Q: 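Here's a structure for you.
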Amino acid sequence: MIFWIIATLLAFYVKGLCGFANTLVFTSILTFGTANINISPVELILGYPTNLIISIKERKAITPRIVIPLAIMVIIGSLGGALFLKSADTTLIKIIFGALVILVGIEMLLRELSQKKTKNSRVLLTIIGILSGFLCGLYGVGALLGAYIGRTTDDLKSFKANICTVFIIENTFRVILYLFYGIITMESLKRALILSPFMLIGLGAGMLSAGKISEKIVKRIVIILLIVSGIALILTNCL
């Protein structure tokens, strides 16, 4: 149980700090000793209220023109997922998405380090937006979603508000699907309940740190986490 507690504290500290990547941290710590089918429902149950908390706290920064199109794409991705998964090699697709996340993250990092401000390409944003909704809806992976919102928001509050609002919609669909397929069990509910105080501690510490650390540093942490997410997506599907 100690590894579950450590994973919860670290994952939701990162969530409070950056607004995403809790799934990456949580799964990375537990995946070597626990089956993913036992990890995902617990992380989903713990993560759902954190998205609500952050969205409510940063509600003034929520931008409908960002949230609504992505929410629609997430819904489409979720609804089309079952049919698509039956007819495609999902391992290869996840590897391709991982490579794309890395490339987008590197490009964002180079733009962040550069002194020059470049204008976002609407075509590129549209492509990233469609793929991010597809990836998030099908697999619950928010890395490319983070890349899209990172390019369309100017500050950390706006980033966290919008990504967590989209995650609420995505989480709602996944809860319904997990309940329908019996993935959420009494055991996962009990474990999530035991871990919930540690989730709140981690989230609170992360949100407090976000107010103390330079926003530029946190933004670069977000970009680095995007790149790490892409690498993790590739490695977990190659090994």
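Everything numeric in this text was worked out from a predicted model, so none of it was measured.
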Q: Provide the closest heavy-atom pair for C18 versus F159 in the form atom of the first, atom of the second, distance.
A: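 So the two residues come closest at O-CE2, 3.2 Å.
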
Q: To the nearest 0.5 Å, what is the distance between CE (M1) and CZ (R191)?
A: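 With rounding to 0.5 Å, CE (M1) is 5.5 Å from CZ (R191).
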
Q: With a 4.5 Å cut-off on side-chain heavy-atom distances among I, L, V, M, F, W and Y, is there a chain of contacts connecting V175 to L189?
A: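 Looking at the clustering, L189 is in the same group as V175.
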
Q: Using a 3.5 Å distance criterion without hydrogens, assess whether the side chain of T153 forms a donor-acceptor pair with backbone atoms of I149.
A: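 Here the side-chain-to-backbone pair exists.
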
Q: Checking R59 side chain against I56 main chain: does a donor-acceptor pair fall under 3.5 Å?
A: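 Yes; at least one donor-acceptor contact below 3.5 Å.
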
Q: For the hydrophobic clusters of this structure (ILVMFWY residues joined by side-chain heavy atoms under 4.5 Å, transitively), does one cluster hold both I176 and V166?
A: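 No, separate clusters.
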
Q: For the atom pair CZ (F173) and OH (Y178), what is the distance rounded to the nearest 0.5 Å?
A: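 Separation between the atoms: 14.5 Å.
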
Q: Where do L10 and V14 land on the side chain to side chain contact (heavy atoms under 4.5 Å, CB included) test, with the steps shown first?
A: CA-CA 6 Å; L10 291 178; V14 171; 5.7 Å; no

Q: If you measure from NZ on K15 to CZ on F167, what distance do you get to the nearest 0.5 Å?
A: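 Answer rounded to 0.5 Å: 5.5 Å.
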
Q: Between atom CZ of R65 and atom OG1 of T152, what is the distance when rounded to the nearest 0.5 Å?
A: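 Here the interatomic distance stands at 7.0 Å.
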
Q: Got a second to check how far D155's CG is from K160's NZ, nearest 0.5 Å?
A: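 With rounding to 0.5 Å, CG (D155) is 11.0 Å from NZ (K160).
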
Q: Establish whether L103 and I234 are linked, either directly or via other cluster members, by ILVMFWY side-chain heavy-atom contacts under 4.5 Å.
A: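 No, because L103 and I234 fall into different hydrophobic clusters, even though each may have its own neighbours under 4.5 Å.
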
Q: Side chains of residues 196-210: which donor-acceptor partners sit under 3.5 Å, not counting sequence neighbours?
A:
residue, atom, partner, partner atom, Å
S196, OG, L193, O, 2.7
S209, OG, Y13, OH, 2.9
S209, OG, A205, O, 2.9

Q: Do the side chain of S55 and the main chain of T165 share a donor and acceptor less than 3.5 angstrom apart?
A: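 Yes: the side chain of S55 pairs with the backbone of T165.
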
Q: Which atoms form the tightest heavy-atom contact between C164 and I54, and what is the distance?
A: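 Scanning both residues, the minimum pair turns out to be SG-CG2, 3.7 Å.
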
Q: Report yes if some heavy atom in the side chain of S40 is under 4.5 Å from a heavy atom in the side chain of I183; otherwise report no.
A: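 They are not in side-chain contact.
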
Q: Which heavy atom of I169 sits nearest a heavy atom of A71, and at what distance?
A: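 Smallest heavy-atom distance, with atoms named: CD1-CB, 3.3 Å.
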
Q: Could you tell me whether the side chains of T172 and Y48 share a donor-acceptor contact shorter than 3.5 Å?
A: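 A pair is found: one side chain offers a donor N or O, the other an acceptor, under 3.5 Å apart.
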
Q: Under a 3.5 Å distance rule, please check whether N162 uses its side chain to pair with a backbone N or O of A61 as donor and acceptor.
A: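 Such a contact is found between N162 side chain and A61 backbone.
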
Q: How many angstroms lie between atom CD1 of I163 and atom CD1 of I62, to the nearest 0.5 angstrom?
A: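 If we round to the nearest 0.5 Å, I163:CD1 and I62:CD1 are 13.0 Å apart.
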
Q: Has T185 got a side-chain atom pairing as donor or acceptor with S188's backbone, closer than 3.5 angstrom?
A: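 Yes.
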
